[in-house]
There are 2 protein chains.
Amino acid sequence: MPRQEKLSIEKIIAASIEIIDVKGYNALTLADVAKVLKIKPPSLYNHISGLDALRQQMGHYAMTAFYDAMTTSAFGKSGSEAIYAVSDAYMQFVKERTSLYQSMTRVPNESEPAYAALNQKLTSMLTQLMAHYAESESDRIHCVRGLRSLLYGFAAIELEGGFRMAVSKSESFQYILDLYIKGLESNCQSRKLENNH
Amino acid sequence: MPRQEKLSIEKIIAASIEIIDVKGYNALTLADVAKVLKIKPPSLYNHISGLDALRQQMGHYAMTAFYDAMTTSAFGKSGSEAIYAVSDAYMQFVKERTSLYQSMTRVPNESEPAYAALNQKLTSMLTQLMAHYAESESDRIHCVRGLRSLLYGFAAIELEGGFRMAVSKSESFQYILDLYIKGLESNCQSRKLENNH
DNA sequence: TTGACAAAACTAATCATATTAGTTAAAATA
DNA sequence: TATTTTAACTAATATGATTAGTTTTGTCAA
């Protein structure tokens with residue numbers, strides 16, 4: 001009986017996610033978290049140092065799950081296949097774990113070492129995927145920034161209900177990804193032509 | 001002397017922008033707004049119906065300025081020239097009027113008619129710009145969604161300090177835009193080939 | 001000029017929330 | 001079992017949004 005009862009940071013995060021599911025990221029309050037956990041708000045301070053710290057920890061937790069999803073999706077793939085895979089995994093994460101995704105993107109301090117380190121690893125992974133399309137390191141980074149911008153922007157606009165025209169959003173997503181890959185390929189093409197000048 | 005003193009919704013918005021410039025969008029409070037305007041917080045309710053309503057009005061005000069900047073930049077241009085122009089204007093707006101841009105993108109209710117109408121007009125304008133690259137209406141909308149995603153994502157990641165590698169962000173932006181345009185062109189190309197099958 | 005009216009300020013009060021301080025009970029451990 | 005730590009609690013403070021009711025002030029017509 002005294003098994004499941006033990007409170008932990010994980011339980012606090014789980015409760016917070018529940019609340020965000022219902023009320024949205026901005027509406028998270030310690031008062032509500034305490035209510036869900038059936039304790040008084042000050043008791044939470046035995047586990048976390050405040051609302052901002054909770055958000056920070058949620059960000060790290062979310063980033064961990066996200067990093068895992070991204071890495072898994074790309075494993076063993078290369079070229080456009082890998083790019084499609086991580087992009088689909090990205091959007092799947094956004095759709096299926098929206099509150100977690102928001103906890104990641106709206107983390108109070110992105111510079112916090114643990115968070116930043118994971119972010120950095122993710123960027124490295126993506127940069128490797130660009131090997132097929134760009135030779136120089138800086139070009140690969142440009143490509144990664146492009147993909148991240150695309151995915152981040154699409155997800156954000158979709159989440160806030162921004163795509164209002166009566167056109168399939170998933171078709172748009174495929175179209176946009178195709179466009180991006182075509183851009184990469186066309187880039188390759190022109191590079192090869194230059195080399196044979 | 002009693003000239004400049006008159007309070008108005010414009011002055012309230014201006015004061016709010018000042019505060020956001022310094023403390024960030026989330027930290028806006030009516031208490032601070034009142035302090036800047038040298039009145040007591042309840043007095044604000046003679047002009048606005050609360051913090052959320054203020055944010056909504058700021059969103060509309062911001063969208064108006066943004067729509068103006070976008071439209072002006074594209075005027076008389078077409079094809080890739082127009083796309084580069086609106087993209088540059090977009091990023092310029094983000095950089096020079098950051099608080100306003102955030103007030104627009106984080107507006108409490110994007111469905112509010114006045115806001116949504118402007119948003120719709122902006123989308124129409126951008127869709128027209130895609131005439132050169134896509135024939136069907138739905139393809140043009142896909143293209144617009146791609147561009148918006150790209151710009152929105154790049155701006156958001158840059159604002160939150162997400163591009164950490166030692167690579168020029170403005171070069172990345174140019175690279176990404178080039179990539180996007182190449183994608184559009186390559187799309188055209190393959191469409192023409194198909195037609196001549 | 002003055003009295004009525006409307007606008008816009010004010011004070012007082014309420015409520016929700018975060019957070020701190022200090023206390024206590026319960027669990028873990030020596 | 002005695003001690004120590006953990007994690008709950010109550011009480012209190014501070015900030016901020018918001019409402020109610022009052023007062024001031026500026027405008028405008030008689």
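Any value given below was found using the heavy atoms of this structure, including those in side chains, with hydrogens, waters and symmetry copies removed.
- Between B/Q120 and B/S124, the side chains place a donor N or O and an acceptor N or O closer than 3.5 Å (distance only, hydrogens not considered).
- The ring pair (Phe, Tyr, Trp, His ring centres under 6.0 Å) check on A/F93 picks up A/F66, with sequence neighbours excluded.
- Distances shorter than 4.0 Å separate none of the side-chain N or O atoms of B/H47 from OP1 or OP2 on C/dA7.
- We find that CG of A/D52 is positioned 13 Å from C1' of C/dT19, with the value rounded to whole Å.
- A donor-acceptor contact shorter than 3.5 Å is absent between the side chain of A/Y133 and the backbone of A/G183.
- The side-chain hydrogen bond (donor to acceptor under 3.5 Å, both in side chains) analysis of residues 57-75 of chain A, with sequence neighbours excluded, yields no pairs.
- A/Y45 has its OH atom 3 Å from the P atom of C/dT19, to the nearest Å.
- The stretch residues 12-30 of chain B has no heavy atom under 4.0 angstrom from DNA chain C at all.
- If you measure from atom CG of A/L51 to atom P of C/dA18, you get 6 Å, rounded to the nearest angstrom.
- For DNA chain D, the outermost nucleotides in 5' to 3' order that have an atom under 4.0 Å from a heavy atom of chain A are D/dA7 to D/dA11.
- A donor-acceptor contact under 3.5 angstrom links the side chains of A/Y90 and A/Y101, judged on distance only.
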Which donor-acceptor pairs under 3.5 Å do side chains of residues 142-149 of chain B form with protein atoms, sequence neighbours excluded?
{"residue": "B/H142", "atom": "ND1", "partner": "A/S172", "partner atom": "OG", "Å": "2.6"}
{"residue": "B/R145", "atom": "NH1", "partner": "A/V167", "partner atom": "O", "Å": "2.9"}
{"residue": "B/R145", "atom": "NH1", "partner": "A/S172", "partner atom": "OG", "Å": "3.0"}
{"residue": "B/R145", "atom": "NH2", "partner": "A/M165", "partner atom": "O", "Å": "3.1"}
{"residue": "B/R145", "atom": "NH2", "partner": "A/V167", "partner atom": "O", "Å": "3.4"}
{"residue": "B/S149", "atom": "OG", "partner": "B/R145", "partner atom": "O", "Å": "2.7"}

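- A donor-acceptor contact under 3.5 Å is not formed by the side chain of B/N46 with the base of C/dA7.
- Applying the ring pair (Phe, Tyr, Trp, His ring centres under 6.0 Å) rule to A/F163 yields the partners A/F154; only residues at least two apart in sequence or on another chain are considered.
- A straight line from CG of A/L7 to C1' of C/dA27 spans 15 Å, rounded to a whole angstrom.
- Counting to the nearest Å, the C1' atom of C/dA18 and the CG atom of A/L44 are 11 Å from each other.
- Using a distance-only test at 3.5 Å, with no hydrogens or angles considered, no donor-acceptor pair links the side chain of A/E110 to the main chain of B/G161.
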